[in-house]
Q: 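If you scroll down you'll find the structure; I have some questions about it.
All figures in this text were calculated on a predicted structure; none of them were measured in a lab.
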Amino acid sequence: MSFPVQANGSSRAVPTSEASFFWRKLSEHRTALWRLASIGLFFLVWEIAGRIPISFAFPTFLETLRAFVTMTLDGSFVAAYAETLQPLVIGITISAVIGIGLGIVMGLSRFAEWLVAPVFIVLQAAPMAALIPLITFVYGIGLVSKTLAVIMLALPVIVLNGYKAVRNANPSLVAMCYSFQGNLWQRITKIIIPDASPVIFAGLRLGLAAGFIGVILAELLITPTGIGDLITYHRSVANYAEMYAAVVSIILVSTLTLAALEAFELRVLRPEKRKS
């Protein structure tokens, strides 16, 4: 590193291009570094709490990590998620199609809002964990029950977000369409829905998160299959590291799925946010 002498005889350190590049990259990735630091701190606290221990049923982070790797390599997670993801995908697909359609209709029609909105507001506020076991009395313990559990939690979220997005579409854009003599179909397809699409897609992400909760509750409360079966089995035989590894896998899969949807949203629906 050089220290050039200025005209008045004093010297001042001038950072080299390599140092400037390093600090620029560090500032660009500051958020990611803080996230990694917070995750590392959480794992450290987990390890310390497991070694104290705070409970005989609370394994350390390293024990859970070892169990996670073992269950991944022996195919336990693959077989479990093959069963868990089936009702989740079916339920989210049905919820997305019906929910977006109902949300748009409710946002455009006051009568539809008056007729349908209270139902979904009540469903969103209802204790679904208490209602899910009632499904088994009607539909048994098969795929239909688990799919309905996903729909019960995901559909209200998607409908209400779509409804609010359409209802709060930019009035200036709608007025502009009026001024250019656009018909109702053009206002809906070219102005309202494109303007509301980011919030609608956010509702889909929230609905997917609720669907994960629904399918896990169904597997824990209705029938022990999939990843819920892993949790129930390892808890019953006191393999707590494996039980926590199964819970961690749920968090990891849901987080990665939501992150992928968010990346898709930024790339396709809001590319200007990606640039910023």
Q: Among the clusters formed by ILVMFWY side chains lying less than 4.5 Å apart, do F61 and F42 turn up in the same one?
A: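 The answer is yes; both residues are in one hydrophobic cluster.
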
Q: Using 0.5 Å steps for rounding, measure from the CD1 atom of I250 to the CG atom of L230.
A: 9.0 Å

Q: Could you give all pairs that pass the ring pair (Phe, Tyr, Trp, His ring centres under 6.0 Å) test and reach residues 68-91, with sequence neighbours left out?
A: F68-F77

Q: Let me check something: any side-chain donor-acceptor pairs from residues 146-153 under 3.5 Å, sequence neighbours excluded? List them with distances.
A:
unit_1 : atom_1 : unit_2 : atom_2 : d
K146   : NZ     : T225   : OG1    : 2.8
T147   : OG1    : L143   : O      : 2.9

Q: Is there a path of hydrophobic side-chain contacts, each under 4.5 Å between heavy atoms of I, L, V, M, F, W or Y residues, that connects I54 with F56?
A: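 Yes, it is one cluster - the side chains of I54 and F56 are joined through contacts under 4.5 Å.
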
Q: Quick one: list whatever passes side-chain hydrogen bond (donor to acceptor under 3.5 Å, both in side chains) with Y244, sequence neighbours left out.
A: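 So Y244 forms no side-chain hydrogen bond (donor to acceptor under 3.5 Å, both in side chains) with any residue.
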
Q: Closer than 3.5 angstrom, by distance alone: can the side chain of N168 be matched with the main-chain N or O of K164 as a donor-acceptor pair?
A: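 Here the side-chain-to-backbone pair exists.
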
Q: With heavy-atom distances below 4.5 Å as the criterion, would you say the side chains of V116 and Y163 are in contact?
A: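 V116 vs Y163: side chains apart.
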
Q: Once you round to the nearest 0.5 Å, how far does CZ of F201 lie from CD1 of I158?
A: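 F201 atom CZ to I158 atom CD1 measures 11.0 Å (nearest 0.5 Å).
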
Q: Name all pairs fulfilling the ring pair (Phe, Tyr, Trp, His ring centres under 6.0 Å) condition that reach into residues 204-234, sequence neighbours left out, sorted by first residue then second.
A: none

Q: Tell me, please, which residues at least two apart from L206 pass side chain to side chain contact (heavy atoms under 4.5 Å, CB included).
A: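 L206: side chain to side chain contact (heavy atoms under 4.5 Å, CB included) contacts with V157, N161.
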
Q: Is L108 close to V166 at the side-chain level, that is, under 4.5 Å between some pair of heavy atoms?
A: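 In contact.
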
Q: Please name the pair of heavy atoms, one in R35 and one in S38, separated by the smallest distance, quoted to 0.1 Å.
A: O-OG, 2.7 Å

Q: If hydrophobic clusters are built by linking Ile, Leu, Val, Met, Phe, Trp and Tyr wherever their side-chain heavy atoms come under 4.5 Å apart, do V237 and F58 end up in the same one?
A: no

Q: Between S197 and P194 (side chain of the first, backbone of the second, donor and acceptor by atom type, cut-off under 3.5 Å), is there such a pair?
A: yes

Q: According to salt bridge (charged side-chain N to carboxylate O under 4.0 Å, His left out), who are the partners of E262, at least two apart in sequence or on a separate chain?
A: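 With neighbours one apart ignored, the set is empty.
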
Q: My understanding is that only residues two or more places apart in sequence, or in another chain, count here; which of them pass side chain to side chain contact (heavy atoms under 4.5 Å, CB included) with R51?
A: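 Listed in chain order: E47, T60, L62.
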
Q: Taking side chain to side chain contact (heavy atoms under 4.5 Å, CB included) as the test, write out the residues that go with L36, two or more places apart.
A: none

Q: In a table with atom names and distances, give each donor-acceptor pair under 3.5 Å that connects a side chain of residues 83-106 to protein atoms at least two apart or in another chain.
A:
unit_1 : atom_1 : unit_2 : atom_2 : d
T84    : OG1    : A80    : O      : 3.2
T84    : OG1    : E219   : OE1    : 3.1
T84    : OG1    : E219   : OE2    : 2.9
T84    : OG1    : I227   : N      : 2.9
T93    : OG1    : V89    : O      : 2.7
S95    : OG     : G91    : O      : 2.8

Q: Please tell me whether M176 and W185 are part of a single hydrophobic cluster in this structure, the criterion being side-chain heavy atoms less than 4.5 Å apart.
A: no

Q: Listed by chain and number, what are the side-chain hydrogen bond (donor to acceptor under 3.5 Å, both in side chains) partners of R167, not counting sequence neighbours?
A: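 With neighbours one apart ignored, the set is E113.
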
Q: When you group the ILVMFWY residues by side-chain heavy-atom contacts below 4.5 Å and let the links chain together, are L261 and V199 in the same group?
A: no

Q: Return the set of residues passing side chain to side chain contact (heavy atoms under 4.5 Å, CB included) with A57 (not counting sequence neighbours), or none when no residue passes.
A: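 Applying side chain to side chain contact (heavy atoms under 4.5 Å, CB included) to A57 gives S55, Y240.
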
Q: What residues form a side-chain hydrogen bond (donor to acceptor under 3.5 Å, both in side chains) with S76, not counting sequence neighbours?
A: D74

